[in-house]
Amino acid sequence: MRLSAYPIQNLKEVPAEAEIVSHQLMLRAGLIRRLAGGLYTWLPFGLRVLRRVERVIREEMNRAGALEVAMPVAQPAELWVESGRWEEFGPELLRFRDRHARDLVLGPTHEEVITDLARRELHSYRQLPVNFYQIQTKFRDETRPRFGVMRAREFVMKDAYSFHVDAVSLQDGYRRMYDAYSAIFTRLGLRFRAVHADTGAIGGSASQEFHVLADSGEDAIVFSDGDDYAANLELAAALPADGPRPPARATLATVATPGARTIAEVSALLGVAPAQTVKTLIVEGEDGGPVALVLRGDHELNALKAARLPGVLAPLRLADAARVAAAAGCEPGFVAPVGLRCRLYADHAAARLADFVCGANQADAHLTGVNWGRDLAEPETVDLRNVVAGDPSPGGRGRLQIARGIEVGHIFQLGSKYSEALGATVLDEQGRSVPMQMGCYGIGVTRIVAAAIEQNHDERGIIWPAPLAPFQVVLVPLNQARSERVRATAEQLYAELEAAGIDTLLDDRDARPGVKFADAELIGIPHRVVIAERGLDAGRLEYRHRTATASEDFVATAALPFLRAKFGAEH
RNA sequence: CGGGGUGUAGCUCAGCCUGGUAGAGCACUACGUUCGGGACGUAGGAGUCGCAGGUUCAAAUCCUGUCACCCCGACCA
């Protein structure tokens with residue numbers, strides 16, 4: 001491509017709307033433009049990158065034996081009513097009506113549509129297993145779209161759905177997708193981790209997420225330094241600590257703590273470490289009554305774990321101030337597990353404390369020297385908290401570490417949730433009608449572009465991993481308007497590279513050298529060739545990789561083999 | 001959905017408090033100089049000040065409403 005024929009300029013200044021690096025660079029380098037909240041136009045450079053991502057995904061999916069299809073974006077409401085998700089999905093599902101007043105949805109995912117296809121087309125175990133996939137635009141009406149393309153309302157997703165006669169085959173298909181995903185993210189040059197995850201709204205049993213590691217990631221992921229345990233923070237198990245509870249030494253006392261509602265305020269006021277305090281959360285129970293959850297002061301409640309406890313309302317809802325007052329007789333901030341009449345669960349770590357500090361169930365006071373089994377009953381202990389770095393690994397060896405990740409892939413064993421709801425059955429070997437076992441597998445294609453930039457940039461701009469780069473090489477002729485031989489050499493080299501099938505960007509603009517260098521670096525083209533008067537007398541051109549700090553000369557007539565060697569050396 | 005903030009030229013922003021002829025830098029057009037790290041000079045073009053209503057002799061500026069966008073929160077005790 002000739003840059004002289006490309007009308008869109010790079011931005012020198014950082015657009016005010018962009019907060020994270022990838023969003024800023026995508027705007028500055030002219031990859032995307034915002035149309036409205038969470039809606040983006042992909043410009044030619046950005047689209048090239050997107051197509052590169054798609055190509056790698058397509059190749060690996062095909063290699064894994066998956067079959068590409070294209071399903072409609074608009075879907076009839078009937079299917080969603082049938083699956084139950086017309087009610088379940090909530091406002092993220094964009095619904096609308098056509099001229100005949102028929103309800104439709106804009107597809108946020110395609111389990112219903114593919115299951116409908118499967119029930120029409122698949123009748124025998126002999127047709128299984130099969131895996132259908134598509135790369136297509138999805139729409140989810142996010143509460144708060146942000147970070148540009150990272151959390152947009154409209155985005156491109158690769159979604160695949162596998163159908164099996166039994167659970168064994170499903171596990172096999174799931175494993176193949178795991179391997180395919182690993183191959184995809186490896187080929188894309190991303191540093192990633194697969195972690196065990198909750199199945200959430202989509203449903204099903206086993207599930208793993210693939211995260212690109214980046215500090216700006218919205219998710220916390222947990223992994224062990226001593227074994228291969230890896231999980232999403234919401235799923236990571238906190239093991240009970242070894243050893244017995246220390247003996248009680250202190251006597252129970254009530255101390256005045258006016259206005260001290262938070263753990264931080266209480267521990268500062270009393271001169272006690274947060275880890276020696278306990279906080280009591282009142283949540284709503286299944287029966288409408290309150291349930292108390294007790295955590296160590298420095299620990300965070302894990303809502304998912306809490307919502308799974310018997311008697312606790314799922315999804316978890318904290319009680320409002322009025323309910324707290326009814327249950328504990330005080331306002332939030334001073335609740336104590338002592339003397340509560342409702343059902344109570346204590347986290348393992350909280351239950352192991354002796355002589356701890358907690359609320360007093362009255363305003364502006366806390367209790368000190370509190371002990372389980374003496375001042376209040378021994379609690380029912382469960383895992384209630386988020387793990388923290390340094391916790392022992394549930395895998396058995398090593399300690400847990402926590403990192404930030406960007407979720408770019410998610411694979412599920414769905415089982416028969418949708419096939420049963422929609423009646424997608426096949427006859428098995430014994431001639432029995434069984435619901436198909438399903439798996440589903442997603443990749444956030446547009447998000448990968450942003451994630452790749454989060455992982456690969458410097459102060460000058462993007463540094464594309466080779467498989468993602470919109471162009472492999474950029475040719476930078478300097479002052480070509482005043483040097484016919486610079487211009488001619490650049491043209492000749494451009495024609496040669498294009499003919500050899502190399503994606504080449506020719507910066508034939510009448511711009512000053514500094515402008516050309518800066519733009520090439522902002523856009524992040526991996527390989528750069530400078531054509532200038534300086535080397536031409538000796539028949540030499542200048543090469544530099546985007547990540548290199550110095551340039552090297554090479555013989556102009558041997559450009560093609562020289563560059564090919566450089567491409568090859570990149571991996 | 002709750003809280004906070006911002007809407008002024010294509011972009012980044014000043015001007016608003018204290019009402020009185022709408023500004024700067026970048027970008028754009030023309031000409032000249034310059035030319036291996038985001039040049040310089042001269043001359044230009046470009047804005048219903050988000051929108052609607054109100055107050056006033058007079059509103060970008062004050063008031064009310066509304067829309068859009070951004071940030072924080074929705075895992076507090």
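Atom set for the values below is all heavy atoms of this structure, side chains included, hydrogens, waters and symmetry mates excluded. The sequence lines fix the lettering, A, B, ..., with proteins before strands; numbering per chain opens at 1. Predicted, not measured: the structure shown is a model, and the values here were computed from it.
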Q: What is the nucleic acid contact for A:Pro15, judged by heavy atoms within less than 4.0 Å: base, sugar-phosphate only, or nothing?
A: sugar-phosphate

Q: Are A:Arg399 and A:Asp391 ion-paired here, with the side-chain N under 4.0 Å from a carboxylate O?
A: no

Q: Given that both distances must come in under 3.5 Å, which nucleotide forms a Watson-Crick or G-U wobble pair with B:A39?
A: B:U33

Q: Establish, with yes or no, whether the OP1 or OP2 oxygen of B:C28 is under 4.0 angstrom from a side-chain nitrogen or oxygen of A:Gln9.
A: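 True: A:Gln9 side-chain N/O within range (under 4.0 Å) of B:C28 OP1/OP2.
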
Q: For nucleotides 73-76 of chain B, tabulate all protein N/O to nucleotide N/O atom pairs closer than 3.5 Å, reporting atom names and distance.
A:
residue	atom	partner	partner atom	Å
B:C75	O2	A:Leu301	O	2.1

Q: With the threshold set at 4.0 Å, does a side-chain nitrogen-carboxylate oxygen contact exist between A:Asp508 and A:Arg487?
A: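 No, no charged N to carboxylate O under 4.0 Å.
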
Q: Does the structure show a Watson-Crick or G-U wobble partner for B:C51, both distances under 3.5 Å? Name it, or say none.
A: B:G65

Q: With the side chain counted from C-beta on, respond yes when A:Pro290 and A:Glu284 share a heavy-atom pair under 4.5 Å apart, and no when they do not.
A: no

Q: Contact class for A:Val14 (heavy atom, under 4.0 Å): base, sugar-phosphate, or nothing?
A: sugar-phosphate

Q: Find the partner of B:G44: check Watson-Crick (N1-N3 plus N6-O4 or O6-N4) and G-U wobble (N1-O2, O6-N3) distances, both under 3.5 Å, and reply none if neither fits.
A: B:C28

Q: So what's B:G2 paired with, Watson-Crick or G-U wobble, going by both distances under 3.5 Å?
A: B:C72

Q: If we take the C1' atom in both B:U8 and B:G32, what is their distance in whole Å?
A: 34 Å

Q: Using a 3.5 Å distance criterion without hydrogens, assess whether the side chain of A:Lys305 forms a donor-acceptor pair with backbone atoms of A:Arg385.
A: yes

Q: Is A:Trp372 reaching over with its side chain to a backbone N or O of A:Ala350, donor-acceptor style, under 3.5 angstrom?
A: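 Yes.
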
Q: Whether the side chain of A:Trp464 engages the backbone of A:Ile523 through a donor-acceptor N/O pair (distance < 3.5 Å, no angle test) should be reported.
A: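 Yes: the side chain of A:Trp464 pairs with the backbone of A:Ile523.
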
Q: Indicate yes or no for a side-chain donor-acceptor contact from A:Asp347 to the backbone of A:Leu384 under 3.5 Å, with no hydrogens or angles considered.
A: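 Yes.
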
Q: Given side chains that start at C-beta, do those of A:Gln401 and A:Phe223 come closer than 4.5 Å, heavy atoms only?
A: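 In contact.
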
Q: Is A:Leu43 close to A:Arg33 at the side-chain level, that is, under 4.5 Å between some pair of heavy atoms?
A: yes

Q: Tell me, for nucleotides 35-40 of chain B in 5' to 3' order, what letter each nucleotide earns: B for a base near a protein heavy atom under 4.0 Å, S for only sugar-phosphate near one, - for neither?
A: BBBBB-

Q: What's the CD-C1' distance between A:Glu13 and B:A24, to the nearest Å?
A: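 So the two atoms are 11 Å apart, to the nearest Å.
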
